[in-house]
Structure formats: structure tokens, C-alpha cells
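Structure first, then comments.
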Amino acid sequence: MPVPHSFKLNEMVQHMPQDKVLWIDLQPTLHCLNKRVAQLLSRSFAVQRWSFQHDLDESCSVATVHDLLRQTLVGSSEPMHLVGHGISGTIACLFAEKYPDLVKSLTLLSVDTLSANHWSSHYLDMRSQLPSSRQAILRHLSSLLFSQQNPRTVEVFPCLLAKCLDNEFIQGSIVNQQHIPDLSTPREVPTFVLNGERDFVVDTNSRDRWSKSLKSGDRFVCMEKGRHFFQFDQSQHVAQLITAFIQMVPGPWIDRELSSNDFTSLARS
């Protein structure tokens with residue numbers, strides 16, 4: 001029997017305790033798509049994964065997730081750098097706005113200011129409007145979300161999405177959409193947004209929407225040819241960009257900060 005509102009905190013590598021990165025993971029089935037980036041980040045930082053799972057028979061709100069996440073971060077010796085993709089990034093952004101003292105920086109992958117823009121929301125829209133089977137919709141959706149298309153991925157990706165829909169945190173259901181406020185960059189937390197150039201879910205106009213709230217020190221990068229899960233097939237570049245951003249955030253390691261020009265050069269490479 002599943003434990004209601006449970007979460008796992010897995011330490012991946014611990015090289016430099018003063019530089020702590022917490023990967024927010026509300027859809028553990030899809031962590032295999034983030035794993036390579038997390039491993040690369042662990043070469044420079046102490047990377048941990050915050051994995052959440054709730055009882056399928058019990059409703060779960062954003063407030064519930066935030067309360068559990070807060071319990072974890074309050075127990076940390078210092079604020080942490082949060083990283084999240086998609087809905088996990090959306091929830092992390094709202095958390096950083098609510099509890100800025102617990103967050104050193106925020107990195108968002110494939111996140112829009114329009115909080116309804118998630119792959120699962122697009123699936124629910126398709127499922128409610130199209131006379132196609134669930135399997136057919138998931139296969140079509142997978143072809144839009146991922147750059148890599150070979151016989152193995154064509155078989156695996158729809159299965160991953162189906163398992164996530166059945167067991168993990170998503171925004172609403174076919175008959176009811178859970179309301180989540182739209183986003184802006186947290187006022188007191190340095191923020192880095194990475195979105196894909198060819199993302200079916202988060203369109204290219206997201207740059208304009210984010211620009212209205214970007215602060216001095218915030219960064220926005222559009223990943224060339226990237227789709228919604230660009231971190232899966234561009235893991236090396238994504239890890240380099242996140243590392244450069246975190247090293248720019250003021251902290252105990254300020255002597256090894258990268259300049260903004262260094263970051264811009266890396267983003268274009």
C-alpha cells in the first residue's frame with residue numbers, strides 16, 4: 001500500500017558541501033531523462049534529488065508539496081540551489097517566491113510563465129477532444145516532445161509518459177484542471193530559465209513573457225533545436241550552462257565566479 005504524501009531525498013554525490021543543488025522531482029518516472037545532467041552537475045556540486053509520491057486515492061495540492069519541501073530545506077545547513085523541469089520547475093518557482101530565504105538560486109527547464117503549459121496538460125486536452133486511443137495520442141505526443149526518434153525510443157517514451165500520468169503528480173485530469181497561479185521570476189532569488197527552441201509545449205514567445213519579470217542577474221537561454229525534454233539529448237551543454245549560472249550566484253565561492261560575458265559565450269557555444 002502506498003504511503004500518502006511521501007518523498008525520498010537521495011544524495012547523489014557530495015564533493016563540495018557549500019554548493020548544494022536540490023533537483024525537484026515530482027514525476028519520478030521521468031527522472032531517467034534528467035539523470036545525466038544531474039550526474040554531470042555532481043562533478044561540481046553536492047547534488048540531491050527530492051522525489052515526491054502521493055497516495056493515488058488522496059488529492060494533493062501545491063500547498064502539500066510546498067510544506068514537505070519546506071521541511072526538507074529547513075533542515076539544511078544553508079539555502080540550496082533548486083532545479084526543476086516542467087511541472088516540477090513550476091512548483092519550485094512558486095516555492096522560491098514563497099520561501100526565498102530557503103533558496104539560493106532557481107533553475108527552470110522547459111517552464112513557461114503560463115502555468116497551464118505542461119506536457120500533461122496538452123495530453124489531457126488532446127484526450128478530451130480527439131477520437132483517438134490513449135496509446136495513439138501518447139505516441140504522437142512523444143514524437144513532438146523528444147528530438148531522438150529511433151525504434152527503441154519510439155517504444156519506450158510513450159510508456160514512460162503513460163506511467164507518469166497514471167501514478168504521479170500532474171496538473172488536473174480530463175474532467176478537472178487544478179489551478180496553479182501563473183509565474184514570474186521570484187523577486188529575491190536569482191533565476192535561470194532554459195527553454196527549447198522547438199518546444200511544442202513552451203512556445204518561443206515564453207522569452208517575451210519571462211522578460212517582463214527578469215531581474216539583474218537572471219538569465220534566459222533558448223536551447224537551439226531543443227524540444228521539451230532537451231536535457232535528455234543535450235545533457236552536456238545543459239549541465240555546463242547550469243554550472244556557469246550557479247557559479248555566478250554570490251556565495252562563499254565568489255572568487256571563482258564567472259562573469260556575465262563568460263556565461264553569454266558559453267550559452268552561444
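Here, residue 1 is the first one in the sequence, and each next residue gets the next number.
- Side-chain contact between R209 and D112 is present, with at least one heavy-atom pair separated by less than 4.5 Å.
- In summary, D199 and R227 do not engage in a salt bridge, as defined by a charged side-chain N under 4.0 Å from a carboxylate O.
- A 6.0 Å sphere centred on NZ of K215 holds more than 12 heavy atoms belonging to other residues, nucleotides or ligands.
- To the nearest 0.5 Å, atoms CG (L241) and OG1 (T107) are separated by 10.0 Å.
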Check against side-chain contact (heavy atoms from CB on, under 4.5 Å), S147 and K225
CA-CA 8 Å; S147 297; K225 299 180 181 179; over 6 Å; no
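- Side-chain atoms of S77 and K20 form a donor-acceptor pair, as typed in the model, at a separation below 3.5 Å.
- S115 and D182 share a donor-acceptor pair across their side chains, judged by distance under 3.5 Å alone.
- Side-chain N or O atoms of W210 include one that pairs as donor or acceptor with a backbone N or O of V111 at under 3.5 Å.
- For the pair S128 (side chain) and L124 (backbone), a donor-acceptor distance under 3.5 Å is present.
- Clustering ILVMFWY residues whenever any of their side-chain heavy atoms sit less than 4.5 angstrom apart, transitively, puts V154 in a cluster other than the one holding Y123.
- The shortest non-hydrogen separation linking L41 to A239 is CD2-O, 3.7 Å.
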Go through the steps for R43 and L40 under the test side-chain contact (heavy atoms from CB on, under 4.5 Å), then give the verdict.
CA-CA 6 Å; R43 297 176 180 177; L40 291 170; 3.5 Å; yes
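- By the neighbour-count criterion of 12 heavy atoms within 6.0 Å, atom CD of E197 is densely surrounded, having more than that number from other residues, nucleotides or ligands.
- Between H122 and L145, the closest side-chain pair of non-hydrogen atoms is not below 4.5 Å.
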Can you list the steps and then say if L194 with L108 is a side-chain contact (heavy atoms from CB on, under 4.5 Å)?
CA-CA 6 Å; L194 297 91; L108 307 174; over 6 Å; no
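- Without hydrogens or angle criteria, N167 side chain to K163 main chain gives a donor-acceptor distance under 3.5 Å.
- When hydrophobic clusters are built by joining Ile, Leu, Val, Met, Phe, Trp and Tyr residues whose side-chain heavy atoms come closer than 4.5 Å, directly or via intermediates, W119 is not grouped with L114.
- Of all heavy-atom pairs between S142 and L161, the closest is OG-CD1, 3.4 Å.
- At distances below 3.5 Å, not a single donor-acceptor pair connects side-chain atoms of H237 with backbone N or O atoms of Q231.
- When hydrophobic clusters are built by joining Ile, Leu, Val, Met, Phe, Trp and Tyr residues whose side-chain heavy atoms come closer than 4.5 Å, directly or via intermediates, Y99 is grouped together with I24.
- Here the closest heavy-atom approach between residue A96 and residue V189 is recorded as O-CG2, 3.9 Å.
- Checked by atom type and distance alone, the side chain of S76 never pairs as donor or acceptor with a backbone atom of P79 at under 3.5 Å.
- Side-chain contact between F229 and L30 is present, with at least one heavy-atom pair separated by less than 4.5 Å.
- In the model, T72 has a side-chain atom that pairs as donor or acceptor with a side-chain atom of W50 under 3.5 Å.
- Using a 4.5 Å heavy-atom threshold, the side chains of P186 and T191 count as touching.
- The closest side-chain heavy-atom distance from V221 to V193 is not below 4.5 Å.
- R187 CZ: 12 or fewer foreign heavy atoms inside a 6.0 Å radius.
- Taking the charged nitrogens against the carboxylate oxygens, D203 and R198 have no contact shorter than 4.0 Å, which rules out a salt bridge.
- The cluster map of Ile, Leu, Val, Met, Phe, Trp and Tyr, joined by side-chain heavy atoms under 4.5 Å apart, puts V62 and L68 in the same cluster.
- Ion pairing of R36 with D233 is absent here, as no side-chain N (NZ or NE/NH1/NH2) approaches a carboxylate O to less than 4.0 Å.
- To the nearest 0.5 angstrom, Q247 atom CD is 9.5 Å from H81 atom NE2.
- Here the shortest heavy-atom pairing between I246 and S105 reads CG1-OG, 4.2 Å.
- Between the side chain of S51 and the backbone N or O of R49, no donor-acceptor pair lies under 3.5 Å.
- Taken to the nearest 0.5 Å, the CD1 atom of I180 stands 11.5 Å off from the SG atom of C93.
- A side-chain donor-acceptor contact under 3.5 Å links S110 to the backbone of H228.
- Between the side chains of D125 and Q129, no donor-acceptor pair of N or O atoms lies under 3.5 Å.
- Using modelled atom types, one side-chain atom of S121 and one backbone atom of A116 make a donor-acceptor pair closer than 3.5 Å.
- Residues L160 and I137 are members of one and the same hydrophobic cluster, defined by side-chain heavy-atom contacts under 4.5 angstrom among Ile, Leu, Val, Met, Phe, Trp and Tyr.
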Walk me through it: do V249 and F245 pass the test side-chain contact (heavy atoms from CB on, under 4.5 Å)?
CA-CA 7 Å; V249 176; F245 172 72; 4.2 Å; yes
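- Not one N or O on the side chain of S206 forms a donor-acceptor pair closer than 3.5 Å with the backbone of V202.
- By the 4.5 Å heavy-atom criterion applied to side chains, L141 and F157 are not counted as neighbours.
- Of the N and O atoms on the side chains of Q27 and S88, not one donor lies less than 3.5 Å from an acceptor on the other residue.
- Distance check: L69 CG to M80 CE gives 9.5 Å after rounding to the nearest 0.5 Å.
- Between F45 and T243 the shortest side-chain heavy-atom distance falls below 4.5 Å.
- When all heavy atoms of L214 and R219 are compared, the pair lying nearest together is CD2-O, 4.5 Å.
- From E155, atom CD reaches atom CZ of R139 across 8.5 Å, with rounding to the nearest 0.5 Å.
- The line from CD of E78 to CG of L73 is 11.5 Å long, rounded to the nearest 0.5 Å.
- F192 has its side chain out of reach of L106: every pair of non-hydrogen atoms, C-beta onward, lies at least 4.5 Å apart.
- For F200 against M126, the heavy-atom pair with the smallest separation is CZ-CE, 3.6 Å.
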